[in-house]
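What follows is a single structure, written as structure tokens, with notes after it.
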Amino acid sequence: MPDTPEGGIAGETTVLIPATEQHLPLLADWFADPAFVRHWGGRPLTREEVSAKYTGRRRPAVVSLLVLREAVPVGYAQYVSTGPREGGIDLVLHPSAQGRGLGPDAARALIRHLHTVLGWDRVTVDPESSNPRAVRAWRKAGFRAVGHPGKPSADGVPAERRGGRVKPCPVPGGRPIRPAPSARLRPMTTQRASTSPFDLSGRVAVVTGAARGIGRSAAVALAAAGADVAGLDIVGEVSPRMDFAPAEPADLEETGRAVRAHGRRWLALRADIRDIAALRAAAERVVQEWGGIDVVLANAGIQAFKPLLEMDDGDWFDQIDNNLTGTANTLRAFGPHLVARGGGRLIVTSSTQGQHGTKWGASYSASKWGIIGLMKSAALDLGQYGITVNAIVPGLIDTALTRHEDRYAQAIADGGGTPTGDVSKDEQTAASSLAAKLPLGVPWIDPDAVAPAVVYLASDAARMVSGTALSVTGGDSARITA
Ligand SMILES: NC(=O)c1ccc[n+]([C@@H]2O[C@H](COP(=O)([O-])OP(=O)(O)OC[C@H]3O[C@@H](n4cnc5c(N)ncnc54)[C@H](O)[C@@H]3O)[C@@H](O)[C@H]2O)c1
């Protein structure tokens with residue numbers, strides 16, 4: 001059953017729509033009504049409590065939904081993520097709507113949504129143990145009781161009665177009820193169970209330098225694999241020392257369009273990776289909007305060329321500050337949210353120039369070698385939190401960063417030639433010498449050929465890969481030691 005175009009979740013006979021402020025009068029009435037509250041299993045709530053809990057400040061950590069039957073509100077549901085791929089739900093029908101199968105229908109729709117759209121592997125619910133009717137209803141919806149090790153629960157009902165009830169579920173020390181294996185084998189969840197380890201459905205990815213080039217390709221590939229993507233970029237000048245035009249706001253919008261074309265959510269974040277406060281605010285925003293972060297690609301970078309002895313301080317520091325410190329800032333700002341999520345993926349963008357020296361490129365090369373050291377150190381720090389940290393190592397990629405006179409001149413000088421200063425002539429000379437050097441015979445690699453490496457490192461397939469660098473170089477890696 002497809003979800004509704006308005007963002008609702010469609011069952012056979014019910015539709016679940018986001019509960020908003022406009023539903024407050026109705027919800028306030030319900031949560032004050034003793035009959036409704038009895039079925040729900042809590043205590044009557046004031047209008048202020050309902051406003052804060054069900055339409056207000058707990059959103060979006062707790063997602064509140066109104067259950068409709070033919071556009072008439074018949075119940076309330078909620079879900080909250082409690083881990084990378086799991087969380088709890090609750091659902092209560094208005095007494096006047098009970099006994100018509102609407103509750104099980106809405107529960108099935110919600111569970112399907114959580115498994116297949118958000119990618120949850122485990123859904124828990126925590127009914128009041130003294131409410132056998134609620135326990136029966138959840139069993140009907142495909143849940144089975146689970147007890148604590150050594151303390152099996154009796155007949156599907158929690159063995160011990162708990163005192164106060166904390167919503168949303170599950171509560172530590174409580175007796176969660178989770179879907180039975182049979183529920184997991186419903187057609188939709190079977191599909192989920194057999195999906196590829198490269199599937200990123202339900203994951204939230206953040207990509208820096210997302211406006212164009214490798215960042216855009218990676219953002220789109222992550223979305224194609226199922227992830228929602230927040231794209232961060234400065235979309236403006238980074239340093240006056242660059243010989244190429246900066247990215248513009250329209251570039252970031254274009255990335256957003258391409259992400260959305262895959263049916264995934266998109267969030268544009270305008271920030272400078274040198275500004276850690278701005279990065280922290282951006283991270284908070286992603287968490288507030290989407291509930292957490294699973295994958296971060298710290299990719300934003302710049303490049304300029306000058307012989308070392310001709311460099312002024314800015315020639316040296318602009319690339320070190322931006323590429324190395326900016327990448328470290330990104331890990332420092334976003335990493336804590338991955339820890340809070342219970343694990344995740346940090347991926348940084350280095351370069352083959354982070355594996356060998358670069359004529360006229362001391363600052364860039366040093367920044368990219370530094371990123372390898374940063375990545376390996378972070379992998380040691382963060383493994384204990386279930387976070388992998390890896391680098392991608394692109395070769396020479398066909399992006400704005402490489403397609404300009406300074407870079408052609410550097411490539412020609414590197415091969416022992418003399419650049420003419422004529423852009424199109426130097427481009428041709430650089431292209432033929434670069435293509436001759438690469439085993440796979442291309443001068444520049446399409447950024448779309450780098451993106452699958454990012455998807456791999458972001459996926460479950462790479463869950464045991466950490467502290468390593470994955471190269472996409474058209475064969476240039478063959479000239480690099482180990
Ligand atoms: N193109 C290549 O040949 C190549 C090779 C190896 C590594 N890399 C690395 O790949 C990454 C992406 O490069 P690209 O080739 O796609 O270049 P690009 O210029 O097309 O894209 C880089 C993006 O990063 C953004 N950015 C730069 N500094 C920023 C900052 N301070 N804050 C926020 N955003 C910022 C830019 O606005 C731009 O949109 C860089 O780290 C680069 O060093 C590129």
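Values reported hereafter were calculated over all heavy atoms of this structure, with side chains retained and with hydrogens, waters and symmetry mates removed. Here the structure is a predicted model, which means the values were calculated and not measured. Atoms within a ligand are numbered from 1 in the order they appear, just like the ligands themselves.
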Is the shortest N/O to N/O distance between Leu232 and ligand 1 below 3.5 Å? no
In terms of heavy-atom contacts, does CD of Glu237 have more than 12 from other residues, nucleotides or ligands at under 6.0 Å? yes
Quiz question: by atom type and distance under 3.5 Å, do the side chains of Thr208 and Asn299 form a donor-acceptor pair? no
From the options Ser350, Gly301, Ser471, Ser217, select the one whose nearest heavy atom is closest to atom 27 (C) of ligand 1. Gly301
To which of Thr349, Val393, Asn299, Thr352 does the heavy atom nearest atom 41 (O) of ligand 1 belong? Asn299
Where the closest heavy atom to atom 33 (C) of ligand 1 is concerned, which of Leu401, Ile234, Thr473 has it? Ile234
Sidechain N-carboxylate O distance under 4.0 Å for Arg403, Asp398: yes
Going by an N to O cut-off under 4.0 Å, is there a salt bridge joining Arg241 and Asp312? yes
Atom indices of ligand 1 within 4.0 angstrom of Ala211 heavy atoms, with elements: 39 (O)
Relative to atom 4 (C) of ligand 1, which among Ala247, Ser351, Gly395 owns the nearest non-hydrogen atom? Gly395
May I ask you to decide whether Asp476 forms a salt bridge with Lys437, counting only side-chain N to carboxylate O separations under 4.0 Å? yes
What is the distance from atom CG of Asp406 to atom CG of Asp426, rounded to the nearest 0.5 Å? 10.5 Å
Side chain, backbone, both or neither: which applies to Asn322 and ligand 1 if a contact is any heavy-atom pair less than 4.0 Å apart? side chain
Lys368 neighbourhood, listing ligand 1 atoms whose heavy-atom distance to it stays under 4.0 Å: 9 (C), 40 (C), 41 (O), 42 (C), 43 (O)
Check this for me: does any side-chain nitrogen of one of Arg280 and Glu284 sit under 4.0 Å from a carboxylate oxygen of the other? no
What atoms in ligand 1 come closer than 4.0 Å to a heavy atom of Gly213? 16 (O), 20 (O)
Taking non-hydrogen atoms only, is Tyr364 closer than 4.0 angstrom to ligand 1 via side chain, backbone, both or neither? side chain
List every atom of ligand 1 that sits less than 4.0 Å from any heavy atom of Ala271, numbering the atoms from 1 in the order shown and giving each element. 32 (N), 33 (C)
Geometry only, no angles: is Ile397 polar-contacting ligand 1 at N/O separations under 3.5 Å? yes
For atom 14 (P) of ligand 1, closest protein heavy-atom neighbour: Thr399 OG1, 3.5 Å
For Thr402, the ligand 1 atoms whose distance to one of its heavy atoms is below 4.0 Å: 1 (N), 2 (C), 3 (O)
Atom 6 (C) of ligand 1 sits nearest the protein heavy atom Pro394 O, 3.4 Å
With atom 38 (C) of ligand 1 as the reference point, say which of Asp233, Asp272, Ile214 has the nearest heavy atom. Asp233
Atom pair CD/CD of Gln319 and Gln303 - distance to nearest 0.5 Å: 7.0 Å
Name the orientation class of the two ring planes belonging to Trp120 and Tyr79 (parallel below 30°, tilted from 30 to 60°, perpendicular beyond 60°). perpendicular
Short side-chain donor-acceptor distance under 3.5 Å, Ser201 and Asp199: yes
Any side-chain donor near an acceptor of the partner, Glu427 and Tyr408, under 3.5 Å: yes
Less than 4.0 angstrom from a charged side-chain N to a carboxylate O is my criterion; do Asp315 and Lys306 meet it? yes
Can you tell me which residue and heavy atom of the protein come closest to atom 32 (N) of ligand 1, and the distance to 0.1 Å? Ile273 N, 3.0 Å
Which ligand 1 atoms does Leu396 reach within 4.0 Å, using its non-hydrogen atoms? 3 (O)
Nearest 0.5 Å, please: how far is CG in Leu232 from OG1 in Thr330? 7.5 Å
Closest candidate by heavy atom, reference atom 21 (O) of ligand 1, pool Gln303, Arg212, Glu237: Arg212
Pick from Leu324, Asn322, Asp321: which one makes a side chain to side chain contact (heavy atoms under 4.5 Å, CB included) with Ser367? Leu324
heavy-atom search around atom 24 (O) of ligand 1 in the protein gives Gly209 CA, 3.3 Å
Top protein contact for atom 26 (N) of ligand 1, by heavy-atom distance: Ala300 CB, 3.6 Å
Thr208 to ligand 1, any heavy atom closer than 4.0 Å: no
Any atoms of ligand 1 less than 4.0 Å from a non-hydrogen atom of Val238? List them with their elements. 27 (C), 28 (N), 29 (C)
